[in-house]
Amino acid sequence: EMANLKSITGFTGSTNSYDELYSTEVIVSFGSVAENHPMLGIKVKNSAAKKARLISVNNEKTIMEEWAEASYKPENSLNFIYSFIKSLINGKYICEEKAASKLSNFNELLHIISEYEETEASINLAKIYGEAKKAIFVIDEDTVSPEAIELLGIISVLTEKIYMPHRGIIVAARKNNSQGLLDMGFNYSGKEILNRVQEGKVKVVVTFGENPTEIMDEYYNAFENLETLIAFDMVNTETTDKANLVIAISGSEEGKGSYTRGDRKVQTVSDGIRKVKEKNTFETLGNILRYLGVKAHTFEEIVKEISM
């Protein structure tokens with residue numbers, strides 16, 4: 001399941017670059033950012049050491065506590081965020097009149113938060129975040145629920161701490177190129193796709209270096225409903241064993257490519273070792289496109305396209 005930030009902020013993920021952390025006033029970290037994203041964690045640490053006030057919110061112990069001015073460990077992060085919103089409204093950090101024009105279901109949100117009590121932690125966080133001119137939420141996608149991420153996006157919009165430098169939201173995903181897939185228009189999670197496979201609504205699946213039925217036991221027999229399964233992979237897996245067609249690919253270190261970072265920065269990589277296979281993955285895909293009558297663009301053309 002994925003957070004639908006695009007309908008809230010207009011972005012599929014982060015609204016700010018990592019480097020903007022160095023010039024913001026307040027950083028509020030949600031989830032296990034430092035543990036799951038060490039490089040981003042170091043940037044947060046360095047920002048806090050220079051000028052930013054760092055607040056950590058996580059229901060488990062995190063190294064971020066050692067660098068933070070304050071740390072909160074709510075039993076339920078979603079409930080804490082609802083209390084946080086209530087404190088922001090009561091503290092006049094959210095203008096209700098403006099909020100109603102920014103969020104179509106604002107009245108529904110008011111009804112929901114009426115059932116939650118403010119806490120000392122929510123009041124303190126609202127004061128720190130609300131009084132800052134520049135503030136950024138930094139979120140670990142793997143340990144913060146999609147609903148919580150969406151609420152933090154709403155807070156950024158309602159407090160008007162977004163769409164300007166050093167104000168907004170950074171969402172970090174653990175998997176390589178997660179942001180790149182979103183930018184390319186892949187807006188369904190793996191579970192959503194596999195649910196449709198189980199329901200018989202999808203007849204053909206192409207996997208690319210993935211073995212989903214092994215890591216998600218509840219979908220172990222999902223591929224039995226398919227008419228065709230095509231697997232691109234560099235090793236044998238349960239998925240390749242079930243596939244009607246297997247196409248060998250190379251490792252990322254054997255050819256050119258790119259990764260899109262969590263803050264939407266495109267980073268190119270070059271081949272670091274000699275190719276084990278006759279062709280690397282990029283060349284293999286180019287051959288398939290040409291066979292299908294589709295123009296295969298050069299690596300430079302593709303990087304230019306996705307970087308725009």
Side-chain angles (χ1 to χ4, degrees), residues 1-16 24-33 52-60 62 64 68-141 143-164 166-172:
E1 194 174 354
M2 299 161 58
N4 183 18
L5 278 177
K6 188 171 179 63
S7 65
I8 298 167
T9 66
F11 292 83
T12 55
S14 303
T15 62
N16 302 79
T24 194
E25 297 172 14
V26 170
I27 300 170
V28 186
S29 169
F30 279 85
S32 303
V33 174
R53 301 179 69 180
L54 173 60
I55 312 298
S56 172
V57 181
N58 196 8
N59 54 15
E60 297 180 352
T62 169
M64 199 74 77
E69 172 185 321
S71 299
Y72 304 118
K73 292 182 181 179
E75 292 184 8
N76 185 301
S77 296
L78 198 61
N79 292 351
F80 177 76
I81 294 173
Y82 279 127
S83 296
F84 177 35
I85 294 173
K86 189 169 190 175
S87 296
L88 285 167
I89 292 174
N90 290 342
K92 307 300 181 184
Y93 301 116
I94 291 177
C95 173
E96 293 190 49
E97 185 177 340
K98 286 185 178 180
S101 65
K102 294 177 182 291
L103 187 66
S104 59
N105 60 342
F106 181 65
N107 287 333
E108 181 182 337
L109 178 61
L110 287 177
H111 176 72
I112 293 173
I113 67 172
S114 67
E115 301 177 8
Y116 293 87
E117 297 294 330
E118 290 184 84
T119 65
E120 182 179 354
S122 72
I123 293 171
N124 289 342
L125 180 57
K127 181 176 174 62
I128 294 171
Y129 179 83
E131 291 182 354
K133 291 183 179 180
K134 298 182 289 185
I136 295 178
F137 289 129
V138 179
I139 306 165
D140 172 34
E141 188 179 56
T143 53
V144 180
S145 70
E147 295 84 2
I149 295 174
E150 289 169 9
L151 283 175
L152 293 172
I154 288 172
I155 290 171
S156 296
V157 172
L158 297 186
T159 57
E160 299 183 338
K161 290 180 173 57
I162 197 170
Y163 309 131
M164 290 181 286
H166 322 125
R167 305 160 178 83
I169 182 170
I170 291 175
V171 183

Might you work through the side chain to side chain contact (heavy atoms under 4.5 Å, CB included) test for Phe84 and Leu151, ending with a clear yes or no? CA-CA 10 Å; Phe84 177 35; Leu151 283 175; over 6 Å; no

Check side chain to side chain contact (heavy atoms under 4.5 Å, CB included) between Ala100 and all other residues, then give those that pass, not counting sequence neighbours. Phe106

Can you name the closest pair of heavy atoms from Leu5 and Glu150 and give their distance? CD2-CA, 4.3 Å

Leu103 and Val157, any side-chain heavy atoms less than 4.5 Å apart: no

Using the rule side-chain hydrogen bond (donor to acceptor under 3.5 Å, both in side chains), only one of Thr62, Asp140, Asn58 pairs with Ser32; which is it? Asn58

Heavy atoms only: give me the nearest Ile128-Glu69 pair and the separation to one decimal. CD1-OE2, 4.0 Å

Could you give all pairs that pass the salt bridge (Lys or Arg N to Asp or Glu O under 4.0 Å) test and reach residues 120-138, with sequence neighbours left out? Lys127-Glu131

Should Asn16 and Thr24 count as side-chain neighbours, where that means a heavy-atom distance under 4.5 Å? no

Ile169 CD1 to Thr15 OG1 distance, which is reported to the nearest 0.5 Å: 6.5 Å

CD1 on Ile162 to CZ on Arg167, rounded to 0.5 Å: 11.5 Å

Residue set satisfying side chain to side chain contact (heavy atoms under 4.5 Å, CB included) with Ala68, at least two apart, ordered chain then number -> Leu54, Ser56, Ser71

Does Lys161 form a side chain to side chain contact (heavy atoms under 4.5 Å, CB included) with Val26? I'd like the steps, not just the answer. CA-CA 11 Å; Lys161 290 180 173 57; Val26 170; over 6 Å; no

CD1-CD1 distance between Ile155 and Ile89, expressed to the nearest 0.5 angstrom: 9.5 Å

Which pairs of donor and acceptor atoms, one on a side chain in residues 108-119, lie under 3.5 Å apart (sequence neighbours left out)?
{"from": "Ser114", "atom 1": "OG", "to": "His111", "atom 2": "O", "distance (Å)": "2.5"}
{"from": "Tyr116", "atom 1": "OH", "to": "Asn79", "atom 2": "OD1", "distance (Å)": "3.4"}
{"from": "Glu118", "atom 1": "OE1", "to": "Ser87", "atom 2": "OG", "distance (Å)": "2.8"}
{"from": "Glu118", "atom 1": "OE2", "to": "Asn90", "atom 2": "ND2", "distance (Å)": "2.8"}
{"from": "Thr119", "atom 1": "OG1", "to": "Ala121", "atom 2": "N", "distance (Å)": "3.4"}
{"from": "Thr119", "atom 1": "OG1", "to": "Ser122", "atom 2": "N", "distance (Å)": "3.0"}
{"from": "Thr119", "atom 1": "OG1", "to": "Ser122", "atom 2": "OG", "distance (Å)": "3.4"}

In terms of heavy-atom contacts, Ile136 and His166 come closest through CG1-O, 3.5 Å

Using a 4.5 Å cut-off on heavy atoms from C-beta on, say whether the side chain of Ile55 contacts that of Tyr72. yes

Atom pair OG (Ser101) and CG (Leu158), whose distance is rounded to the nearest 0.5 Å: 9.5 Å

Reference residue Ile139; test side chain to side chain contact (heavy atoms under 4.5 Å, CB included); the match among Val57, Val28, Ile170, Val144: Val144

Which residue pairs pass the salt bridge (Lys or Arg N to Asp or Glu O under 4.0 Å) test with at least one member in residues 84-100, sequence neighbours excluded? Lys98-Glu160

Only counting residues at least two apart or in another chain, list the ones meeting ring-ring contact (aromatic ring centres under 6.0 Å, His included) with Phe137. Phe30, Tyr129

Determine whether a donor-acceptor pair (N or O, by modelled atom type, separation under 3.5 Å) exists between the side chain of Lys102 and the backbone of Thr159. no

Which heavy-atom pair separates Val171 from Ser14 by the least distance, and what is that distance? N-OG, 2.9 Å

